[in-house]
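Data block below; observations after.
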Amino acid sequence: MICRGGDHPEVASPACSAFGRRRSGSVELSTSIGSKQKKACHVMSDSPLSRLRNVGISAHIDSGKTTLTERILYYAGRIHKIQEVRGEGATMDHMELEKERGITITAAATRVVWGDSQINIIDTPGHVDFTIEVERSLRVLDGAVMVLCGVAGVQSQSITVDRQMKRYGVPRISFINKLDRQGADPVNVIRGLEEKLGLTTIQLQLPIGLGADLDGIVDLIRMKAVYFDGEHGEKVRWTDIPDAMRDEAENARTGMLDALSFYDDELLEMMLEEKPVAEELIHAIIRRGTIGGEFTPILMGSAYKNKGVQLLLDAIVRYLPSPIDREAFALDRANEEAETVLDTSPDAPLVALAFKLVDETFGQLTFLRLYQGRITRGEKYLNTRAGKAHRFGRILRMHADEREEVNSAAAGDIVAVVGLDCVSGDTYCGEGVNYTMESMYIMDPVISLAISPTRTTDRDKLAKALNRFSKEDPTFHLSSDPETGETIISGMGELHLDVYCERIRREYACQIEVGTPQVSYRESPSRNVDYNHKHRKQTGGSGQYAHVIGKLEPLPQGGEDRYEFVSKVTGGRIPTEYIPSVDKGFQSMMAKGPVAGYEIIGVKMTLEDGTSHAVDSSDMAFQICARDAFRQAFLASRPALLEPVMNVHVETPSEFQGAIIGDLSSRRGMVQATEVMGPLTAVTAHVPLARMFGYATDVRSMSQGKATFTMEFDSYRRVPKAVQEDIIKAAKEAGRVR
């Protein structure tokens with residue numbers, strides 16, 4: 001049997017009909033996302049939208065996401081030749097840099113047909129430096145496939161992806177990949193999902209052999225062995241389970257049903273009465289629990305060896321939600337931003353979120369997720385942030401870097417529109433509504449570089465490139481050093497900035513000079529200080545007068561709050577209209593601290609009292625007074641420098657473990673854990689970013705090129721006193737502070 005989407009008899013329509021309460025041919029579901037119980041859908045069995053899936057494929061770097069996506073495209077008939085990540089470059093890695101480096105840099109979208117369902121797929125990067133691509137993809141997706149390496153299991157970026165999925169309440173399926181590799185251990189991977197990520201797992205499959213002996217998969221629902229024949233595993237063969245695995249499979253199925261019985265009373269009764277359980281009932285319970293976030297189904301295979309991918313596609317259709325299974329909310333700007341549930345009907349007024357921008361030669365390409373209504377070519381729609389209507393000229397359906405023009409698209413779909421003037425996170429609405437949708441979480445940059453053109457004639461090219469990249473990528477920041485006039489770019493890591501520098505050279509033919517990477521330190525108070533400051537200035541005519549009394553306090557380290565303002569002024573001692581002026585004056589001092597010229601964080605300013613003058617007090621007077629009071633109080637609070645500390649995860653052959661750990665310790669690192677994974681050892685440590693520059697070269701030399709590492713921002717922590725003195729001295733020499 002050739003398993004391409006059009007002739008796959010094993011794929012059922014989205015299985016909603018076997019659970020819930022039947023009402024005139026519809027089914028009422030309920031799902032929990034976060035702390036809210038939300039009615040998920042009234043799914044009509046013949047609804048086209050119920051057969052649409054918007055799915056992201058996410059994982060730690062080098063877990064096989066792009067290889068898996070390539071197989072999905074092949075088995076679904078979207079492509080007719082399999083290309084590998086290392087070599088020609090996979091279909092979804094369409095940038096030259098992606099093909100050269102063998103990594104995914106930008107999220108790429110495509111659409112496939114499987115059975116009677118359509119699946120929009122976004123292949124996301126695995127490297128933490130490009131995690132914004134994962135963040136904004138998960139913001140608009142209805143479901144996800146979390147890919148895990150069968151040898152390494154849950155890795156550092158797996159934890160980040162898990163956090164992102166939980167942030168947006170995205171239901172997931174977990175696929176344990178690379179079971180053809182030596183040392184593969186799916187049991188250990190499942191244990192990691194439960195212990196490290198706190199997930200409840202339901203194992204649906206067993207591998208037939210491991211490593212070089214991986215031969216097929218046992219489906220615990222149908223209790224059949226599945227083999228993948230043909231040159232590329234395109235022929236799926238269902239047969240009896242091997243005798244040697246019969247007992248193991250029976251025990252695993254019993255465990256699966258026992259776990260599922262916690263979520264369904266009917267199944268529990270059937271098990272107690274030892275009645276046979278219908279496959280459709282099992283599928284229905286798994287679908288309900290997956291959409292509700294109660295557990296994650298576990299599937300297995302090897303994308304590179306073409307095993308298990310078709311069964312994963314079946315599971316995506318069966319278990320992950322359609323757009324009508326998940327409620328979406330918007331804020332009604334015309335009704336005091338009241339929370340409003342969006343209607344997935346294509347006949348309702350349009351509501352769409354712009355979640356990604358790509359600036360091209362012929363204009364900006366804006367990726368939209370449609371939540372309500374429909375867009376039609378040539379019609380105008382309102383950008384509610386800008387308050388301007390834009391005409392949608394060309395509507396595209398994307399397949400990596402290829403595109404197909406369409407005349408319209410409806411709720412639930414993901415498309416791109418050419419020529420819109422907007423920013424990431426903007427909401428577009430049709431006539432009659434003025435809604436805004438919550439945007440995505442944006443991480444702060446932790447590393448900066450000074451950049452300048454080699455030739456003065458390239459200044460315009462560089463400016464154009466930097467403006468484009470800062471608009472496309474919310475984690476790529478552009479600024480100017482007020483002391484030196486240098487252009488500063490900031491990002492999530494060395495690789496992040498290195499990729500953009502290389503793109504400037506290639507895409508804009510602009511030769512650049514790049515300075516030494518600079519760490520984004522922060523300044524923070526370390527003790528409470530009372531302030532009592534009076535600003536008085538008389539120059540003839542009306543003068544300036546303001547008086548503020550209060551307290552500066554440090555906020556807890558590691559918290560999300562960077563600045564907090566509290567007013568306790570009573571009795572009109574300071575007129576109400578001047579209290580925001582005090583707040584504004586305090587906030588204006590946060591951008592550049594007096595210690596070393598870095599941003600100030602972790603400050604609570606309490607305004608307790610003060611005085612004003614009937615004639616001489618003004619908005620500006622209280623702003624100036626607040627700035628002076630803040631500076632004096634902050635300098636008296638024994639301010640400390642904070643440095644970004646990275647969570648570093650190194651995987652190395654065990655023979656190099658000692659050298660790796662010793663080197664991390666010499667970088668002021670603190671080893672958090674070590675874990676033996678067959679022939680490899682995983683070392684996790686917290687290391688200051690300032691000591692990690694050039695680590696990629698060092699770790700290769702220590703391990704004969706065999707070790708790999710990833711790192712991501714963990715938290716800001718106090719710099720040791722001796723190091724702080726060196727940083728302050730360097731800041732003074734550079735003219736950042738006096």
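The residues of the chain are indexed from 1 along the displayed sequence. Not measured: the values here are computed from a predicted model.
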Hey, are the side chains of [X] and [Y] touching, using non-hydrogen atoms and a 4.5 Å cut-off?
X	Y	value
Gln672	Met670	yes
Val529	Ser637	yes
Lys584	Phe586	no
Leu555	Glu564	yes
Phe392	Leu368	yes
Val723	Lys721	no
Glu494	Phe693	yes
Val140	Phe367	no

If you measure only the distance, is there a donor-acceptor pair under 3.5 Å linking the side chains of Arg717 and His686? yes
Could you check whether [X] pairs with [Y] (Lys NZ or Arg NE/NH1/NH2 to Asp/Glu carboxylate O, under 4.0 Å)?
X	Y	value
Lys166	Asp162	yes
Asp458	Arg455	yes
Lys464	Glu507	no
Arg506	Glu502	yes
Glu553	Arg527	no
Asp698	Arg667	yes
Glu643	Arg668	yes

Give the minimum heavy-atom separation between Leu138 and Val161, together with the two atoms involved. CD1-O, 4.4 Å
Quick one: closest heavy-atom pair of Tyr598 and Val519, and the distance? CE2-O, 3.9 Å
Go through Ile489 and Phe476 one step at a time and tell me if the side chain to side chain contact (heavy atoms under 4.5 Å, CB included) criterion holds. CA-CA 7 Å; Ile489 58 174; Phe476 180 81; 3.7 Å; yes
Tell me which donor-acceptor pairs under 3.5 Å the side chains of residues 416-427 have, and how far apart each pair is, sequence neighbours excluded?
from	atom 1	to	atom 2	distance (Å)
Ser424	OG	Phe355	O	3.4
Asp426	OD1	Arg385	NE	2.6
Asp426	OD2	Asn383	ND2	2.9
Asp426	OD2	Arg385	NE	3.2
Asp426	OD2	Arg385	NH2	3.1
Asp426	OD2	Val423	N	3.1
Thr427	OG1	Met437	N	2.9

[X], [atom1] atom: more than 12 neighbouring heavy atoms under 6.0 Å:
X	atom1	value
Glu608	CD	yes
Arg505	CZ	yes
Asp332	CG	yes

With no hydrogens and no angle check, is any side-chain donor or acceptor of [X] less than 3.5 Å from a backbone partner on [Y]?
X	Y	answer
Arg333	Thr384	yes
Gln724	Leu641	yes
Glu523	Gly597	yes
Ser524	Ile601	yes
Asp616	Gly543	yes
Ser581	Gln623	no
Thr340	Ala338	yes
Tyr578	Ser617	yes
Glu513	Thr454	no
His533	Ala629	no

Just verifying a value: how many Å separate [X] [atom1] and [Y] [atom2], rounded to the nearest 0.5 Å?
X	Y	atom1	atom2	result
Phe713	Ser520	CZ	OG	10.0 Å
Thr606	Asn528	OG1	CG	9.0 Å
Leu495	Thr710	CG	OG1	11.5 Å
His547	Lys534	NE2	NZ	5.0 Å
Ser490	His496	OG	NE2	10.5 Å
Glu337	Asn434	CD	CG	9.5 Å

Passes side chain to side chain contact (heavy atoms under 4.5 Å, CB included), Ile579 versus Phe565? Steps please. CA-CA 10 Å; Ile579 290 177; Phe565 174 76; 3.9 Å; yes
Does the Lys NZ or Arg CZ of Lys461 fall within the cation-pi geometry relative to Tyr508 - under 6.0 Å from the ring centre and within 45° of the axis? no
Is Arg167 positioned over the aromatic face of Tyr441, cation under 6.0 angstrom from the ring centre and no more than 45 degrees off axis? yes
Could you please spell out the steps behind the side chain to side chain contact (heavy atoms under 4.5 Å, CB included) verdict for Tyr545 and Thr611? CA-CA 9 Å; Tyr545 179 89; Thr611 59; 2.8 Å; yes
Does the side-chain hydrogen bond (donor to acceptor under 3.5 Å, both in side chains) test come out yes or no for Gln632 and Asp628, once each step is laid out? CA-CA 6 Å; Gln632 293 174 15; Asp628 292 342; 6.0 Å; no
Do the ring centers of His535 and Phe622 come within less than 6.0 Å of each other? no
Between Tyr500 and Phe469, is the ring centre distance below 6.0 Å? yes
For the pair Arg468 and Ser470, evaluate side-chain hydrogen bond (donor to acceptor under 3.5 Å, both in side chains) and give the outcome as yes or no after the intermediate values. CA-CA 6 Å; Arg468 169 194 168 183; Ser470 61; over 6 Å; no
Start with the C-alpha gap between Glu472 and Lys356, add the side-chain angles, then the distance that decides, and say whether salt bridge (Lys or Arg N to Asp or Glu O under 4.0 Å) holds. CA-CA 7 Å; Glu472 289 182 357; Lys356 178 178 177 176; over 6 Å; no
Take Val719 and Leu642 through the side chain to side chain contact (heavy atoms under 4.5 Å, CB included) test and state the conclusion after the steps. CA-CA 5 Å; Val719 175; Leu642 306 180; 5.8 Å; no
Determine whether Tyr563 and Asp583 satisfy the following criterion, side-chain hydrogen bond (donor to acceptor under 3.5 Å, both in side chains), listing intermediate values before the conclusion. CA-CA 10 Å; Tyr563 169 80; Asp583 182 19; 2.6 Å; yes
Can you check side-chain hydrogen bond (donor to acceptor under 3.5 Å, both in side chains) on Glu599 and Tyr521, steps first, answer last? CA-CA 7 Å; Glu599 181 184 346; Tyr521 293 100; over 6 Å; no
